Amino acid sequence: MKIDRLIGILSILLQQEVVTAPRLAEQFEVSRRTINRDIETLCQAGIPIVTRQGSGGGISIMDNYRIDRTMLTNTEMQDILAGLRSLDSVNGTNRYGQLMEKLFAGSSDFMTGNQTVLIDLSSWYKDSLAPKIQLIRDAIDTRTELSFLYFAPKGESTRVIEPYYLIFRWSSWYVWGWCHSRQDFRLFKLNRMDKLKLTANHFPRRNVPLPDLSNEQIFPGGIQVKALFDADCKWRLIEEFGTDCFEEQPDGKLLFTADYTDRENLLSWLMTFREKVTLLEPEEIREEIRQILKRMTENY
């Protein structure tokens with residue numbers, strides 16, 4: 001991927017006074033023409049790179065531009081490498097690991113040191129998720145429309161989108177794109193997508209707004225929940241909602257309050273605690289739980 005190569009070239013230039021284009025081409029296994037285009041891209045990004053011909057010449061960062069020599073500290077570079085390694089956990093490949101090996105080969109102390117941050121973004125759905133991510137990345141790179149079957153609370157539908165961003169948020173992966181059926185930008189969850197494929201249609205890039213990823217936008221709330229949990233549920237409440245979500249009662253029970261978003265998700269979540277929770281409010285959901293338990297009793 002081009003962005004991987006650009007990070008790699010910049011890292012080498014920060015470590016070494018001068019490097020030649022043929023050496024970079026060999027190290028990253030691309031043509032010299034590709035390296036020249038990468039150098040032009042870095043220049044357009046504001047990195048003051050100079051090239052010198054002849055004996056002792058090559059590619060370097062401008063001598064009087066000292067700020068870039070300290071632009072990335074050892075810790076910051078380790079963070080970048082941790083991020084690159086995390087992408088391997090998603091794709092199920094070793095592409096980024098191979099990039100890091102190239103960066104480490106013959107590098108200075110700038111690239112060495114113990115790795116203290118390890119990130120694994122894989123999930124239970126890794127086998128099905130990785131091909132989707134790769135296909136969406138290909139579609140974004142080539143500006144090719146995607147079609148898929150989408151499953152939502154209101155039903156399933158076939159969608160065709162122009163994909164622009166892959167997003168990891170709230171422990172899940174999403175794609176942000178222009179939806180033809182809605183004639184607007186929409187956020188789609190990858191785990192709800194099926195029969196994903198590239199179409200034969202290419203699209204010109206639109207003026208793309210960044211998605212509003214605030215919790216208030218995606219999880220608007222609206223259901224004021226009050227429930228009483230057994231004391232041994234404390235670890236889970238803290239894990240999912242933090243230490244301020246409940247008040248410990250004199251008898252050891254936990255009075256939980258929260259602003260919940262989705263009625264169905266709330267019901268499902270409460271059921272996972274079985275007899276260890278009593279919902280106090282809202283009353284209409286208390287009644288719905290009574291009806292659910294009644295029907296479950298009839299089934300068993």
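If you're wondering where the values come from, they're calculated on a predicted model, not measured in any experiment.
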Got more than 12 heavy atoms from elsewhere within 6.0 Å of [atom1], [X]?
X      : atom1 : answer
Arg274 : CZ    : no
Asn299 : CG    : yes
Glu247 : CD    : no

Does the side chain of [X] reach to within under 4.5 Å of the side chain of [Y], using non-hydrogen atoms?
X      : Y      : result
Leu149 : Phe151 : yes
Leu228 : Leu254 : no
Lys132 : Trp173 : no
Arg159 : Ser147 : no
Phe188 : Cys179 : yes
Arg236 : Lys276 : no
Tyr165 : Val175 : no
Ile39  : Ile59  : yes

Establish, yes or no, whether a centroid distance under 6.0 Å links the rings of [X] and [Y].
X      : Y      : value
Phe246 : Phe241 : no
Phe185 : Trp176 : yes
Phe229 : Trp269 : yes

With a 4.0 Å cut-off, would you call [X] and [Y] a salt bridge?
X      : Y      : value
Arg286 : Glu281 : no
Glu287 : Arg290 : yes
Asp184 : Arg186 : yes
Lys234 : Glu248 : yes

Ile140 to Leu166 - nearest heavy-atom pair and separation: CD1-N, 4.1 Å
Shortest non-hydrogen contact between Pro211 and Ile167, atoms and distance: CG-CD1, 3.5 Å
Same apolar cluster: Val208 and Leu187, side chain cutoff 4.5 Å: yes
Hydrophobic cluster identity match, Ile285 and Val277, side-chain contacts under 4.5 Å: yes
Can a donor-acceptor pair be found, under 3.5 Å and without considering hydrogens, that links the side chain of [X] to the backbone of [Y]?
X      : Y      : value
Thr34  : Val30  : no
Thr41  : Arg37  : yes
Asp251 : Lys253 : yes

Donor-acceptor pair between Asn36 and Glu40 side chains, under 3.5 angstrom: no
Residue from Lys197, His202, His180 passing side-chain hydrogen bond (donor to acceptor under 3.5 Å, both in side chains) with Glu145: His180
